[in-house]
Every structure is written in structure tokens, then in C-alpha cells.
Student: 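Before we start, here is the structure in question, set down as C-alpha cells.
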Amino acid sequence: MTPNNGEDFAAVEQKWRRRWEERGDDATPASPRRKSYCLEMFAYPSGDIHMGHFRNYSVGDVVARLRRMQGYDVLHPFGWDAFGLPAEEAAIKRGIHPRDWTLRNIEVSRETMKTCSLSYDWDREVVTCRPDYYRWNQWLFLLLHRRGLAYRKVALVNWCPGCKTVLANEQAEGGVCWKCDAAVLKRELEQWFLRITAYADRLLKGLDLLPDWPEDVKAMQRNWIGRSEGATVTFRNERIPHAFEVFTTRPDTLCGVTFLAIAPEHPWARLLVAGTDREAAVEEYIGTALRRSEIERTSTVREKDGVDTGRTAVHPITGERIPIWVADYVLGSYGTGIVMGVPAHDERDFAFARRYGLPARVVIRAEGWTALPRGEDLAEAWTGPGVMVNSGIFDGNTDEEGRLKVPTWLRNKGLGGPTVTWRLRDWLVSRQRYWGTPIPMIHCTECGVVEVPEADLPVLLPEGVVNWLPKGRSPLEDVPEFVRVACPRCGRDARRDADTMDTFIDSSWYHLRYADPRNAEAIFDPERVREWLPVDLYIGGREHATGHLLYFRFLTMVLQDEGLLDFAEPATRLFNHGYVLDAAGKKMSKSLGNLVEPKEMLERYGVDASRVAMCFFAPSGDPIVWKEEGVRGALRFLRRAMDLVRARAAEVRAVAPGTPVPAGGADARVREGRRLCHEALANMSRCVESDLAFNTVVSDLMKALNELESVEAPALAADAGRAAFADALRVFVAVLSPMAPHAGEEMHEVLGGEGSVFRGPWPDVDPAALAVDEVEYAVQVSGKVRGRFPAPASAGEAEVVALARALPAVAPHLEGRQVVKVVFVPKRLVNLVVR
RNA sequence: GCGAGAGUGGCGGAAUGGCAUACGCGGCGGACUUAGGAUCCGCCGGGGCGACCCGUGUGGGUUCGAAUCCCACCUCUCGCACCA
């Protein structure tokens with residue numbers, strides 16, 4: 001079947017694609033005066049692009065093209081996030097080098113994207129697996145190292161047994177590997193970390209300066225950063241040389257503490273019991289607890305367990321001795337790794353205490369309690385507000401007052417004090433994988449960890465025969481010519497760091513590189529970046545809310561501190577496009593194997609119809625279910641539009657562009673058609689600034705087309721009618737063009753337009769065109785619609801109400817009743833309230 | 001469990017205090033045709049012969065008037081989930 005018999009859209013598309021390319025229409029202007037940086041998240045090249053990409057890029061391209069028409073100098077680049085695990089997996093499965101697999105996928109995807117005429121300046125393309133890109137990853141790493149933001153530490157880290165590599169916290173959400181869904185284990189390894197926690201406060205506060213970021217993304221980031229205010233409280237234990245500190249957000253309940261709980265991975269857990277009769281039991285418990293996977297460990301349904309150390313610590317206020325337990329509901333990586341157990345006022349502590357028969361002590365009296373319950377009588381913890389009791393000198397304070405007064409008191413006594421704790425952890429960036437950026441560090445037995453001198457960058461990833469099968473340590477360790485190196489400091493034999501970087505490094509600064517992508521001397525020229533950045537609109541999926549977008553902001557801030565940027569936030573506006581779901585309502589994804597390839601659709605219906613269909617399905621931010629029928633409708637619409645343009649070309653060409661449209665004289669249908677075109681125009685201009693709901697614009701254009709098609713030839717005979725019609729059709733073409741660029745450009749040419757439609761000018765909405773001279777009034781009697789009638793738009797209240805009352809469909813409802821109130825809404829309705 | 005968002009014809013959706021279902025898909029009927037999965041025209045929320053009545057997840061409220069605002073509940077989607 002060839003659905004597009006009639007207009008040959010394939011030929012039109014080819015014609016314009018070729019012409020734009022020859023003329024270099026998508027090139028970025030050299031010195032922007034009024035800049036607009038429109039950026040879509042770059043792609044990981046795995047095979048061809050899929051529908052989700054197609055949607056993302058279509059939305060972005062509508063904005064980019066529209067901005068050009070509006071006279072902006074536009075930067076609209078694209079690139080490839082080309083390092084990563086799937087390349088290795090494919091390589092292992094098919095015996096192809098990850099590089100070849102990646103580069104071939106890029107070729108295929110880029111070809112498809114070029115077919116779509118996405119108006120990227122391909123001369124600025126970046127490919128992260130090329131040395132000319134990743135050498136700047138290494139440069140950045142050295143910068144971070146110099147600023148004390150990159151460091152090594154031995155830590156319990158997320159280890160994915162499937163991918164055989166460590167993962168960042170953001171890649172192991174919920175204890176599940178983001179790539180293979182395997183249950184993540186904890187392993188103690190020495191790894192490279194980036195000190196993103198040093199920026200926690202700025203990352204949090206910066207969100208308030210981003211009014212054009214979606215609220216849900218900001219909420220997710222706030223939650224992820226997880227600032228919490230509370231206090232550290234020092235207990236005392238003779239065996240521990242340091243302060244035995246806990247962190248709590250409820251210092252007001254301090255006197256309700258009946259036990260302390262320490263995380264099993266905490267080094268002091270073992271120290272406490274060493275040499276005692278509890279040692280064996282505690283050791284056994286710690287072993288069991290640490291073997292549990294993260295999901296199991298943090299499952300809220302599992303009953304909490306733990307073991308008594310037999311040791312106690314001294315309460316800072318009461319001086320009582322409080323038993324210390326080891327419990328795996330306490331996380332070693334949050335706060336101090338030790339918590340105070342207040343069963344009466346914390347659900348988790350309550351559950352734990354009940355299980356092990358630990359007492360509860362009520363120290364907050366809820367409003368409405370007639371008697372103070374005894375701890376053992378509580379059915380559940382009281383976590384609500386109340387007044388402090390059983391708390392000595394603090395009795396009588398509200399919980400809120402206590403939260404302030406107790407920490408202050410502690411600070412004055414040297415027993416702790418007010419503290420802020422963050423949920424955010426440092427960013428683990430080393431990976432034991434082959435296909436990534438080598439970390440530019442050298443390990444020397446004499447000098448320790450030494451930086452690779454900047455002049456020696458890039459440290460090239462060996463691309464010869466490498467056994468890249470994951471084996472739990474970096475494959476590069478087994479490449480002697482890579483690993484063996486002279487220490488840059490002392491010249492002795494030393495070893496290169498064999499780990500590679502997390503690919504989220506690559507995507508944290510690519511937005512800056514686009515401003516100066518071929519710079520061989522520096523990561524970028526700050527002057528070029530000043531011209532284009534920050535990004536004016538960043539479009540991508542919601543899945544990057546806490547991973548990429550946090551790193552992206554973090555590195556931008558670091559570079560600002562380095563003096564290379566004069567702004568802190570990389571993108572002033574963020575837009576999340578909706579996912580493309582399959583017929584079953586599942587998100588299309590490679591792993592589910594339910595991808596519908598755009599290629600077939602593009603060949604069948606053409607690029608323009610496919611783009612219009614994407615715009616028309618739903619607002620750009622909403623998920624859509626993929627339905628082929630919608631594309632057929634879009635094609636029908638384009639075909640009718642093109643037919644109309646060709647049929648009326650002569651009449652329209654007779655009117656020079658910019659000819660003023662006389663106030664009256666045109667036929668009603670022409671005027672209505674023109675009105676609808678200007679409505680579409682106004683709507684499009686509004687949409688691009690707000691919700692990108694292009695579905696309403698397409699619908700406006702369809703209405704306009706329906707009207708314009710009904711215009712008869714005689715209506716175009718007179719100058720006034722012809723001028724109005726020509727203006728209408730030209731506005732129609734302008735509004736359509738960003739969505740259907742080839743058809744739009746063709747129409748523009750057919751109608752005698754000069755140059756490219758994408759050079760503008762973007763037409764102005766003519767207020768006179770929006771005006772209507774006759775409106776239909778609805779007449780309600782006590783809120784129920786009883787009739788309608790047409791009236792001149794200029795008609796006054798008295799006249800309209802009189803007409804309304806006299807209406808045959810209305811009069812009977814007024815019979816024998818008294819109109820007690822008349823509501824008049826100009827140009828809309830009359831409501832006669834009767835009694 | 002907590003947080004955010006959403007519930008409108010057979011379907012995607014429009015309308016954010018003023019005529020609910022625009023626009024499109026799909027379906028039905030017709031025209032043209034050797035043919036139609038092309039194109040064009042007409043019809044399509046439910047009930048009723050009808051005047052009319054009912055109808056935007058459910059129940060209440062505010063209002064002359066509510067899909068839209070408020071309260072409670074139900075359902076779905078997304079995010080977070082022992083963070084002390």
C-alpha cells in the first residue's frame with residue numbers, strides 16, 4: 001500500500017533535505033546576538049533510534065525551528081554518549097569490538113535522524129568515546145583531584161554481580177542494578193569518589209533559582225539530596241576511644257532512649273564485643289546481616305532483627321546506662337551509623353523493642369491524653385506532636401521547642417549539638433570495565449597516587465586485542481603495555497590506574513563542549529561558552545531526574561568555582577517529554593523487546609506526517625500509546641493542506657507578502673479561516689514558552705484548514721478577500737512548518753515566499769483577525785441551557801437580554817415566573833435566574 | 001506506607017468558573033469507482049415517540065452557573081521507600 005498517493009511527499013522531503021544540506025541552513029551562527037540554546041539529551045547508540053528518541057527530538061526540533069523563525073540565533077547540537085556497558089555486552093555476545101559496534105550504531109542512528117531533518121548542526125557533533133572528547137574527561141578528573149573533589153577510599157560499595165562492576169548510588173536505586181536488574185551486593189573495595197556532598201547545600205538551594213524546571217524533578221532532587229536537621233548526641237562508652245555519637249531528628253525524645261543500635265558494618269560493632277562472651281554471637285549476626293542483599297536488607301516488610309552486644313553507654317542527660325545492640329535496620333552509611341532507640345516515639349524502634357522485649361518510655365504527651373500511658377501499654381509509637389514529660393529540666397516544652405533547646409543544651413555541655421545530615425553520598429566513579437575513559441592516575445610504590453601530567457593527556461584506551469570479558473577487576477589490568485608506566489614524579493616503574501570512569505562523567509559537561517566542540521587546546525573557550533550558555537531549553541526523559549541531572553548541575557558548579565563559567569546552573573529550563581508506550585501500555589524499551597522502529601513509519605508515511613502525528617497525539621509531556629492510525633490521519637491532513645496550497649497558489653502569489661489586510665470586505669468564510677489561522681499562531685507562540693502542547697496547535701490548524709477549504713473561488717476575486725486569504729494561508733504555513741518542515745518549506749515556495757520559511761519572519765498576530773463580528777449567545781434559565789441565538793459581537797447587555805427573553809425556546813420557561821437575576825457574560829451567555 | 005500527578009464518548013484528547021465531548025482516530029451509511037485499505041459527503045454519549053431528562057471516577061459543598069474551585073472517598077500512573 002502507498003498511503004500517500006496524491007502529493008509525493010517523499011520527493012518533497014528529499015528535495016528540501018538536499019537543499020538545506022547544500023546551503024548549510026542548520027549551521028550555527030558565528031556570533032550570536034540573540035541566542036537560544038535548545039538541547040535534547042544526547043543518545044546512547046544501541047542499534048537504531050527508537051520511538052522515544054523520535055519523540056524527544058521531534059519536540060526539540062519544533063522548538064529549534066520556531067526559535068529560528070522568531071529571529072533567534074539558535075544552537076541546536078547533537079552527540080553520542082558512546083561509552084558504556086551495552087557495547088561490551090554486545091561485543092561479548094557477537095565477538096565485535098565495542099568500538100566497532102558503537103561506531104556502527106552511531107552511523108545507523110545518525111542516518112535515520114538525518115532523514116528526519118532534525119536541524120542539528122552536525123558539525124558540532126560530539127562522540128564521547130573518541131580521544132578528542134574523553135581527554136577532557138581526564139582533564140576534568142585532574143581538575144577535580146586538584147580541588148580535592150576526587151579521592152580514593154575503601155568503602156562498602158554497590159557491586160553488581162551481573163555486570164561485575166561497582167555502581168554509583170544513583171545506579172543502584174532500591175538495591176537493584178539500573179542496567180541488568182540484578183540484586184546489588186555490598187563489597188569492600190578501594191574506589192575513586194567525587195565529593196558531590198561538598199555541593200549538597202548549593203545543589204539544594206540552587207533548585208529555588210530554577211522556576212522553569214518541573215516541580216516533580218525538583219522534588220525528587222530535594223528528596224535525593226535529603227537534607228535533615230537534627231542533633232548529634234554523644235553517649236559514652238569506655239571501650240570506644242572516640243565519642244559514641246548518634247544522629248537524631250528527634251532530640252526532643254532523648255530522654256525516651258532505652259537502647260542504642262549500631263549498624264553491622266560499623267567497625268565499632270566488633271570492637272565492642274572483642275574478647276567478651278558475646279563475641280561469637282555478634283560476629284555471627286554481622287556475617288548474616290552483611291550477606292543480605294540491599295533489597296532484602298532494606299525491605300520494610302521484613303521483621304527487624306539484631307543482637308545484644310552486652311555493652312552499655314552512658315546517657316548524656318540521665319546518666320543511665322543504655323544497652324547497645326547491633327541491628328541491620330541501621331544503615332552504616334547514613335548519619336553516624338548509630339541510632340538512639342526511642343520505642344515510644346519511633347515506629348521502627350517500637351517494632352525492634354517489642355521483638356526483643358526492650359522497654360519503652362513515654363516522653364511526649366499527646367494532646368487529649370487523659371493519663372500518660374506506660375511504655376509497656378502502648379499499642380504503637382506516638383510520632384505526633386505533644387509536650388515533653390519525663391525529661392527533667394525540659395518538661396513542659398513542646399516537641400518543637402525541644403528540638404531547638406535540647407541540641408543547644410547538648411552543645412553547651414560538649415555532648416553534641418545541632419547537626420544537619422544529608423542523604424546524598426559521594427559519587428563513586430571508578431568502574432572495573434573496559435569501554436570507558438581511563439582514569440588518568442598512576443600508582444607508584446614510592447610516591448603513592450600520582451596524577452598523569454596534563455601534557456601526557458589523553459591516556460588512550462588500548463584498542464587492540466583486549467580481553468574485555470568482565471571478571472571482577474578491570475580488564476585493563478591485563479594489558480601490560482597500558483599498565484606499565486614510569487612514575488611521572490620519580491621515574492621508577494609504576495602502574496596506571498586500570499579502572500575507567502562512570503559514563504555519567506561524559507554527560508555532565510557535553511552541553512559546554514557543544515559551544516566549542518573542536519577545541520584541541522582546552523576543554524572549551526570560556527568566551528564561546530559565554531556566548532551560548534546556559535541552555536535555554538533542555539529536553540529529555542524523566543528518568544534522569546536524580547542521576548544525570550544532579551551530576552550535570554554539580555560539575556557545572558565546580559567549573560564555575562574554577563572560574564571557567566560565570567553561571568552555576570547549566571539549564572534555565574527543563575522539559576520532560578512523555579514516554580512512548582506500546583499497545584499494551586508498557587514503556588517501549590530494548591530490554592522488553594517491544595520497540596517499534598521509527599524507520600518503517602518514516603518510510604511508509606513520510607517524515608512530516610510522522611512528526612505531525614507525534615505532535616498531535618497528546619501534549620509533549622504526557623505519555624502516549626503508539627497507534628499507527630494516528631499517522632494516517634496526520635498524512636491526510638498534510639495532503640489536504642498541500643492540495644489547498646497548490647490549488648490557491650496563483651491567487652496567493654498575486655498578493656505580495658506583507659500586504660496589509662483591509663478591515664472589511666472579505667467573505668465570512670475567509671475571515672473565519674483567517675481568524676482560526678491567527679488563533680493557531682497565537683497558540684503556537686504561547687506553547688513554545690510554556691507546555692509545548694503542540695497537539696492543540698495541530699488541532700487549530702486542522703480547524704483552519706477545514707474552513708479555508710470551504711472557501712469558494714469567487715470569494716478570492718476581490719482584493720480584500722484575496723489579501724485576507726493570502727495572509728491566512730501564509731500564517732498557516734508558518735505555524736505548520738516547525739512541525740512539518742519539508743511540507744512547510746514546499747508550501748512556502750509554492751506561495752511565492754522569499755528564501756526559507758525558517759528564516760522567518762515569524763508573523764505577528766493581527767488582533768483584527770481575531771475579532772469576530774457575530775457571536776452565538778447561549779441562553780440559560782436558572783443555569784440550564786434553553787436556547788441559542790446569534791447576535792452582533794458589539795451588542796450591549798440590554799439588547800442581548802431582550803432578545804434572549806423573547807426566544808421561542810426560552811419564553812415558555814419564563815412563563816408565570818419572576819426573573820430575579822440576570823447574569824450577562826459578554827459574547828458568551830445570558831443566564832436568567834427565575835423563581 | 002509517604003509524596004506528586006491524573007480520572008471527560010468506542011479510542012487519543014479539547015475546554016482550568018460560562019454552550020462538555022472541539023480536533024483527530026475508529027465505526028456506520030452514502031457518492032465516485034473495474035476495485036478501494038484512496039478521495040469526498042453525512043451520522044455516531046445514554047434514555048425517551050416527544051417536550052424533555054441524565055451525563056466529565058463516587059459522595060457532599062461553594063456558586064446564578066462546576067469537568068474546572070473546596071472537603072471526603074475510590075481507582076490508576078509515576079517517584080521515594082527502615083535515611084533515625
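A, B, ... follow the sequence lines: proteins, then strands. Residue 1 opens every chain.
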Student: I'd like to check A:His813 versus A:Val834 (side-chain heavy atoms, cut-off strictly below 4.5 Å). Are they in contact?
Tutor: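 They are not in contact (no side-chain heavy atoms under 4.5 Å apart), so the answer is no.
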
Student: Base, sugar-phosphate, or nothing for A:Glu776, non-hydrogen atoms under 4.0 angstrom?
Tutor: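 The residue A:Glu776 makes base contact.
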
Student: Measuring only the P atom in each nucleotide, how far is B:G57 from B:A20? A whole number of Å is fine.
Tutor: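 My reading of the P atoms in B:G57 and B:A20 gives 16 Å.
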
Student: Provide, to the nearest angstrom, the distance between the CG atom belonging to A:Leu331 and the P atom belonging to B:A84.
Tutor: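 Answer to the nearest Å: 10 Å.
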
Student: With a 4.0 Å cut-off on heavy atoms, is A:Val822 in touch with a base, just the backbone sugar-phosphate, or nothing at all?
Tutor: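 No contact at all - A:Val822 keeps every heavy atom at 4.0 Å or more from the nucleic acid.
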
Student: Listing time: all N or O pairs from protein to nucleotides 22-32 of chain B that are below 3.5 Å?
Tutor:
{"residue": "B:A22", "atom": "O2'", "partner": "A:Lys703", "partner atom": "NZ", "Å": "3.4"}
{"residue": "B:G24", "atom": "OP1", "partner": "A:Asn706", "partner atom": "ND2", "Å": "3.3"}
{"residue": "B:C25", "atom": "OP1", "partner": "A:Arg636", "partner atom": "NE", "Å": "2.9"}
{"residue": "B:C25", "atom": "OP1", "partner": "A:Arg636", "partner atom": "NH2", "Å": "2.9"}
{"residue": "B:G26", "atom": "OP2", "partner": "A:Arg636", "partner atom": "NH2", "Å": "3.1"}

Student: Starting at CG of A:Leu829 and ending at C1' of B:A66, how long is that distance when rounded to a whole Å?
Tutor: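 Rounding to the nearest Å, CG of A:Leu829 and C1' of B:A66 are 13 Å apart.
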
Student: May I ask you to evaluate whether A:Arg250 reaches the phosphate of B:A84, defined as a side-chain N or O under 4.0 Å from OP1 or OP2?
Tutor: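 So the side chain of A:Arg250 is outside the cut-off, no N or O lying under 4.0 Å from OP1 or OP2 of B:A84.
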
Student: How close do A:His678 and A:Val731 get, heavy atom to heavy atom, and via which atoms?
Tutor: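 Scanning both residues completely, I find the closest heavy atoms to be NE2-CG2, 3.8 Å.
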
Student: Should A:Arg403 and A:Glu229 count as an ion pair when the cut-off is N to O under 4.0 Å?
Tutor: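 Result for this pair is no, no salt bridge flagged.
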
Student: Just to be sure I understand the rule, does A:Val339 reach a base, reach only the sugar-phosphate, or reach nothing, if contact means heavy atoms closer than 4.0 Å?
Tutor: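 Base: the residue A:Val339, judged by heavy atoms under 4.0 Å, touches a nucleobase.
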
Student: What is the distance, to the nearest angstrom, from the CE atom on A:Met220 to the P atom on B:G79?
Tutor: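 To the nearest whole Å, that distance equals 7 Å.
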
Student: Can you run through RNA chain B from 5' to 3' and write each base as (, ), [, ], | or . depending on how it pairs? Watson-Crick or G-U wobble, both distances under 3.5 Å.
Tutor: (((((((..(((.....[....)))((((((.......))))))(((....)))..(((((..]....))))))))))))....

Student: Please confirm whether A:Lys304 makes a cation-pi placement over A:Phe352, using NZ or CZ under 6.0 Å from the six-membered ring centre and within 45° of the ring normal.
Tutor: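 No, A:Lys304 and A:Phe352 do not form such a contact.
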
Student: Once you apply a heavy-atom cut-off of 4.0 Å, does A:Phe617 come out as touching a base, just sugar-phosphate, or nothing?
Tutor: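 If one applies the 4.0 Å heavy-atom cut-off, A:Phe617 turns out to touch the sugar-phosphate alone, with no base involved.
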
Student: Apply the test side chain to side chain donor-acceptor pair (under 3.5 Å) to residues A:Arg423 and A:Asn223: give CA-CA distance (whole Å), side-chain angles for both, the deciding distance (0.1 Å), then the verdict.
Tutor: CA-CA 8 Å; A:Arg423 211 188 79 125; A:Asn223 184 32; 5.4 Å; no

Student: Taking only N/O atoms, report every protein-nucleotides 45-53 of chain B pair under 3.5 Å with atom names and distance.
Tutor:
{"residue": "B:C53", "atom": "OP1", "partner": "A:Arg786", "partner atom": "NH2", "Å": "3.2"}
{"residue": "B:C53", "atom": "OP2", "partner": "A:Arg786", "partner atom": "NH1", "Å": "3.4"}

Student: Any idea how A:Phe617 and A:Trp626 line up, ring-wise: parallel (<30°), tilted (30 to 60°), or perpendicular (>60°)?
Tutor: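 Answer is perpendicular, since the angle exceeds 60°.
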
Student: If you count the non-hydrogen atoms of other residues, nucleotides and ligands that lie under 6.0 Å from CZ in A:Arg669, is the total more than 12?
Tutor: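 Result for CZ/A:Arg669: open.
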
Student: Taking atom P in both B:C54 and B:C41, compute the distance separating them and give it to the nearest angstrom.
Tutor: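 36 Å, rounded to whole Å.
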
Student: Just checking A:Ser333: base, sugar-phosphate only, or nothing, at a heavy-atom cut-off of under 4.0 Å?
Tutor: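 No contact.
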
Student: Please determine if A:Asp208 and A:Arg222 form a salt bridge, counting it only when a charged side-chain N lies under 4.0 Å from a carboxylate O.
Tutor: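 Yes, this pair counts.
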
